[in-house]
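Every value quoted in this text rests on a predicted model; they were computed, and no experiment measured them.
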Amino acid sequence: MANLMVRGDTLYINYRVDGKRYKRTTKLKNTPKNRKYVENVLIPELNEKIEDGSIYRPKDTSFRYYGELLLEEKMKTVRSYAYRSIYYKKVIDYFGNRKIETITRLECKRFFSSLKMQPNSKRAYRSFLKEVFEYAVDDNVIPINPAVNIDLGRQEKANIQFFEKDEVNKLLNASIGIIRLYLFIAFHTGMRPSEILGLQFTDIKNNVINVIRGKVRGKVDRLKTKNAYRKIRIPDFVNDEIEFAKRNSMSLYLFPEIRNISNLRYQWRKLCKDTNIEFKVIKSARHTFATHMLRDNVVSLNELSGLLGHSSPKVTLTHYASVINSINVDLGKDFNLFGNTLGTEDNSTLTKAQ
């Protein structure tokens with residue numbers, strides 16, 4: 001075990017491990033106070049490490065080590081961990097037990113190139129990769145984070161899928177059962193699928209839906225952003241559908257048996273086929289609501305942003321810029337923004353000059 005040793009004017013610790021003798025300087029001067037500190041603090045700490053074998057263990061600086069540390073934190077703080085863990089673990093498996101200090105920025109870029117997906121889909125991987133390296137920076141293993149500011153390329157914006165008004169009416173008229181209730185709410189409120197599945201009957205009062213929760217993969221949880229908490233007024237015929245469902249339900253929830261929107265996939269495909277309407281993902285009901293609200297000038301962009309629960313009108317514009325087409329804005333032949341009379345026969349400058 002360890003003991004105190006004095007060499008010159010400096011205090012050392014002398015100890016043996018597996019029959020081998022080691023000597024370590026404390027860099028402390030030989031004073032009564034320092035000797036007491038070494039004997040009462042440093043030597044007991046060293047003896048404990050000798051006892052449990054940790055004195056042999058070199059510091060683990062593998063990518064996997066820091067990745068799994070981050071996973072433990074994500075598991076406690078990320079509400080969609082079960083879904084996101086798929087790509088968290090994919091990043092860890094790619095770099096594996098490589099010493100994190102040996103991984104270069106170029107290798108990070110090659111990892112992103114290996115992902116056969118759109119740039120927006122790569123962002124989740126980049127975010128996790130950056131956080132892993134940040135742990136190593138905090139641990140003084142690497143000086144800088146090599147994954148910062150890596151360009152993933154430009155995302156090709158897909159056109160919004162939506163239904164025309166006559167198609168909506170066909171779908172609603174032909175729908176029955178649980179999907180009928182879902183579609184009446186989705187087409188007339190623009191709510192997210194998770195928000196609709198999280199509705200309780202007590203959330204609807206006096207033709208107003210109070211959006212306060214969501215349900216994904218059977219788990220009821222809080223909403224994505226503070227702006228997602230909102231109130232949406234609904235017409236009588238939608239309220240009637242909800243009241244009908246309430247009279248025939250024993251649950252607090254409108255959709256107690258639906259764990260995720262994918263559970264409606266079969267009924268939705270069948271409905272599109274039966275009505276001879278081109279199939280679009282069921283989330284298109286939300287896009288349909290937003291598109292026609294803008295096309296018909298029912299609300300402003302700011303108002304639509306509030307109805308959809310977007311974090312800002314900028315997000316709404318990003319999604320629906322293609323819908324806002326200048327040809328749909330009828331200014332009229334008599335439009336006069338500044339109220340001037342230039343160009344009239346009696347008052348034009350040209351006429352006076354003549």
For the rings on [X] and [Y], is their centre-to-centre separation under 6.0 Å?
X: Phe237; Y: His188; result: yes
X: Phe95; Y: Phe63; result: yes
X: Phe289; Y: Phe187; result: no

Can you name the nearest heavy-atom pair linking [X] to [Y], along with the distance?
X: Val315; Y: Ser311; answer: CG2-OG, 3.3 Å
X: Asn3; Y: Ile43; answer: C-CD1, 3.7 Å
X: Val216; Y: Ser194; answer: CG2-CB, 3.7 Å
X: Leu11; Y: Thr26; answer: O-OG1, 2.7 Å
X: Leu42; Y: Ile13; answer: CB-CD1, 3.9 Å
X: Val137; Y: Pro143; answer: CG1-O, 4.3 Å

Cationic N near anionic O, under 4.0 Å, Asp240 to Lys246
no
State whether Lys76 and Glu73 are salt-bridged, where the test is any N-O pair (Lys NZ or Arg NE/NH1/NH2 against Asp/Glu carboxylate O) under 4.0 Å.
yes
Would you say the side-chain atoms of [X] pair up with the backbone N or O of [Y], donor to acceptor, closer than 3.5 Å?
X: Tyr15; Y: Lys23; result: no
X: Ser305; Y: Leu301; result: no
X: Arg295; Y: Ala290; result: no
X: Asp93; Y: Lys90; result: no
X: His292; Y: Phe163; result: yes
X: Asn145; Y: Ala147; result: yes
X: Ser85; Y: Tyr88; result: no
X: Asn14; Y: Ala2; result: no
X: Ser284; Y: Lys280; result: no
X: Glu303; Y: Ser300; result: yes

Hydrophobic clusters here meaning ILVMFWY residues chained together by side-chain heavy-atom distances under 4.5 Å, can you tell me if Val298 and Leu307 are in one?
yes
Which pairs count as salt bridge (Lys or Arg N to Asp or Glu O under 4.0 Å) when at least one residue sits in [range], sequence neighbours excluded?
range: residues 167-176; value: none
range: residues 172-201; value: Arg180-Glu241, Arg192-Glu195, Glu195-Arg230
range: residues 204-218; value: Asp203-Arg213
range: residues 119-142; value: Lys59-Asp139, Lys74-Glu131

Does [X] have any side chain to side chain contact (heavy atoms under 4.5 Å, CB included) partners at least two apart in sequence or in another chain, and if so, which?
X: Ile178; result: Phe255, Leu264, Gln267
X: Phe279; result: Trp268, Arg269, Cys272
X: Asp274; result: Lys270
X: Asp166; result: Glu164

Quick one, Lys165 with Asp296, criterion salt bridge (charged side-chain N to carboxylate O under 4.0 Å, His left out). Give me CA distance, side-chain angles, the key distance, then yes/no.
CA-CA 11 Å; Lys165 291 183 179 181; Asp296 294 355; 2.5 Å; yes
Which donor-acceptor pairs under 3.5 Å do the side chains of residues 110-117 make with protein atoms, sequence neighbours left out?
{"residue": "Ser113", "atom": "OG", "partner": "Lys109", "partner atom": "O", "Å": "3.1"}
{"residue": "Ser114", "atom": "OG", "partner": "Phe111", "partner atom": "O", "Å": "2.5"}

Measuring from [X]:[atom1] to [Y]:[atom2], what's the distance to the nearest 0.5 Å?
X: Leu199; Y: Ile212; atom1: CG; atom2: CD1; answer: 9.0 Å
X: Arg154; Y: Asp151; atom1: CZ; atom2: CG; answer: 9.5 Å
X: Ser249; Y: Ile242; atom1: OG; atom2: CD1; answer: 12.5 Å

What I'd like to find out is whether the side chain of Phe133 reaches to under 4.5 Å of the side chain of Val148, using heavy atoms alone.
no
Partners meeting side chain to side chain donor-acceptor pair (under 3.5 Å) with Asn34 (sequence neighbours left out)
Thr31
So with a 6.0 Å cut-off around [atom1] of [X], is the heavy-atom count from everything else above 12?
X: Ile176; atom1: CD1; answer: no
X: Tyr37; atom1: OH; answer: no
X: Asn248; atom1: CG; answer: yes

Walk me through it: do Thr225 and Asn227 pass the test side chain to side chain donor-acceptor pair (under 3.5 Å)?
CA-CA 5 Å; Thr225 65; Asn227 286 3; 5.6 Å; no
Connected to Met5, directly or through other members, by ILVMFWY side-chain contacts below 4.5 Å are Tyr12
Which residues end up grouped with Val220 if you chain together Ile, Leu, Val, Met, Phe, Trp and Tyr wherever their side-chain heavy atoms are less than 4.5 Å apart?
Leu252, Tyr253
Reference residue Tyr182; test side chain to side chain contact (heavy atoms under 4.5 Å, CB included); the match among Ile196, Ile258, Leu254
Ile196
